[in-house]
Asker: 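Take a look at the following structure, please.
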2 protein chains.
Amino acid sequence: MKLSTRGRYGLKAMYQLALHYGEGPIALNNIAKKQGLSENYLEQLFSVLRKEGLIISVRGAQGGYMLAKDPQHITVGHILRTLEGNMAPVDCLTDENVKCDREDECATKFVYAQMIDSLNNVIDSITLQDMIDEQKKNEMIK
Amino acid sequence: MKLSTRGRYGLKAMYQLALHYGEGPIALNNIAKKQGLSENYLEQLFSVLRKEGLIISVRGAQGGYMLAKDPQHITVGHILRTLEGNMAPVDCLTDENVKCDREDECATKFVYAQMIDSLNNVIDSITLQDMIDEQKKNEMIK
DNA sequence: GTGAATGTTGACAGAAATAGTAGGGTATAT
DNA sequence: ATATACCCTACTATTTCTGTCAACATTCAC
Ligand code: FES
Ligand code: FES
């Protein structure tokens with residue numbers, strides 16, 4: 001039940017974009033360098049995020065990426081599902097063709113259904129803006 | 001964020017044991033056959049469950065496995081964490097030595113903390129008995 | 001006691017998913 | 001024109017997951 005690097009890197013990168021929302025495009029190598037990640041690898045993730053409409057790219061010199069909308073309108077859930085695929089712990093929850101049983105009914109499915117519901121509730125309720133606010137709060141305390 | 005076969009097979013097998021709770025030990029090949037799983041593989045999972053004290057093994061002829069306690073006192077959470085390791089989406093939540101950042105504070109950790117909390121709440125609130133009850137209810141409807 | 005059934009253990013191998021690399025192409029600001 | 005930075009696809013390396021195997025230990029039925 002681990003998140004892969006796709007989700008982790010992607011969410012952090014999106015947070016960086018959120019921090020500089022409204023300041024124009026930010027180059028990828030900037031973000032990659034700051035977090036010690038492979039620029040090429042991040043690029044793959046950003047490509048997916050762009051196609052999903054979460055970010056906008058600006059090509060050419062002085063180009064880069066920026067959020068497609070206000071940080072408070074982008075949820076963590078949207079980001080994670082875009083990068084990780086659906087967050088279902090088992091495939092039968094999202095793919096009609098998958099079933100673990102032939103004969104008897106599956107007794108475990110309802111457990112997994114509750115897991116995914118709960119998980120989606122949490123991640124859909126957190127926006128990038130919430131992350132920023134939380135971070136500021138923590139810095140205040142220090 | 002997928003559950004591995006360890007958790008899936010293990011939970012189903014435990015459910016089988018729960019169905020026959022109080023009827024003495026059940027041989028592994030019995031369960032394996034019924035669900036079309038490798039007996040040897042299931043064996044590995046049961047070994048872990050036994051060490052965790054969730055099941056009791058009876059050796060020798062007519063031996064097998066049975067639940068160590070009443071189905072209503074065994075939670076899905078206990079089973080899944082035993083087989084899958086902790087359910088944390090990232091390691092830093094459970095391992096002090098892991099941190100994703102050096103300099104700036106990590107803004108994503110609080111997201112993951114909420115995820116694991118929510119997940120644990122759900123799976124700890126479901127017992128094997130609940131699964132049995134749910135299943136019965138569904139059969140009634142049919 | 002003997003033999004059959006069953007659990008116990010650890011090592012190992014194949015398969016699949018993940019993570020990361022490489023390189024050529026395209027658009028744009030200057 | 002040229003440098004910059006996004007765009008795309010294919011490939012490779014690494015790790016994790018899944019499953020197999022074999023030798024061994026314990027207990028039951030007789
Ligand atoms: S059908 Fe999905 S877990 Fe059984
Ligand atoms: S320290 Fe765990 S996600 Fe950053």
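Lettering follows sequence order; numbering is per chain, from 1.
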Asker: Would you call A:E139-A:K136 a salt bridge at under 4.0 Å N-O?
Answerer: no
Asker: Let me know the distance between CG of A:L28 and P of D:dC6, rounded to the nearest Å.
Answerer: 5 Å
Asker: For the side chain of B:S57, counting heavy atoms from C-beta on, which of D:dC8, C:dG7, D:dT18 is nearest?
Answerer: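 Of D:dC8, C:dG7, D:dT18, C:dG7 is nearest to the side chain of B:S57.
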Asker: Is it true that a side-chain atom of B:E52 and a backbone atom of B:T82 form a donor plus acceptor pair closer than 3.5 Å?
Answerer: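 No; judged by distance alone, with no hydrogens or angles, the pair does not exist.
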Asker: Do B:L11 and B:V76 have side chains that get closer than 4.5 Å, going by heavy atoms?
Answerer: yes
Asker: B:Y65 has an atom OH; how far is it from atom C1' of C:dA5, in whole Å?
Answerer: 13 Å
Asker: Do A:L17 and A:M66 have side chains that get closer than 4.5 Å, going by heavy atoms?
Answerer: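 No. Closest side-chain heavy atoms not under 4.5 Å.
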Asker: Where the side chain of A:N29 is concerned, which of C:dG25, D:dA5, D:dT18 is the nearest nucleotide?
Answerer: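 The nucleotide sitting nearest to the side chain is D:dA5.
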Asker: In whole angstroms, how far is the P atom of D:dA13 from the OH atom of A:Y41?
Answerer: 17 Å
Asker: Contact class for A:I56 vs. all strands (heavy atom < 4.0 Å): base, sugar-phosphate, or nothing?
Answerer: nothing
Asker: Both A:G63 and A:K51 contact DNA chain D. Taking the nearest nucleotide for each, which residue is further toward the 5' end?
Answerer: A:G63
Asker: What is the distance from CZ of A:R59 to P of C:dT30, rounded to the nearest Å?
Answerer: 17 Å
Asker: Between A:N40 and A:V58, who's closer to the 5' end of DNA chain C by nearest nucleotide?
Answerer: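 On the 5' side of the pair lies A:N40.
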Asker: I want to confirm an ordering. Mapping B:E39 and B:Q44 to their closest nucleotides on DNA chain C, which one lands closer to the 5' end?
Answerer: B:E39
Asker: Confirm from the modelled atom types if A:E43 and D:dC8 form a donor-acceptor pair under 3.5 Å, side chain to base only.
Answerer: yes
Asker: Output the single nucleotide from C:dA29, C:dT21, C:dT18 whose closest atom is nearest the side chain of A:S4.
Answerer: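 Of all the options, the side chain of A:S4 is nearest to C:dT18.
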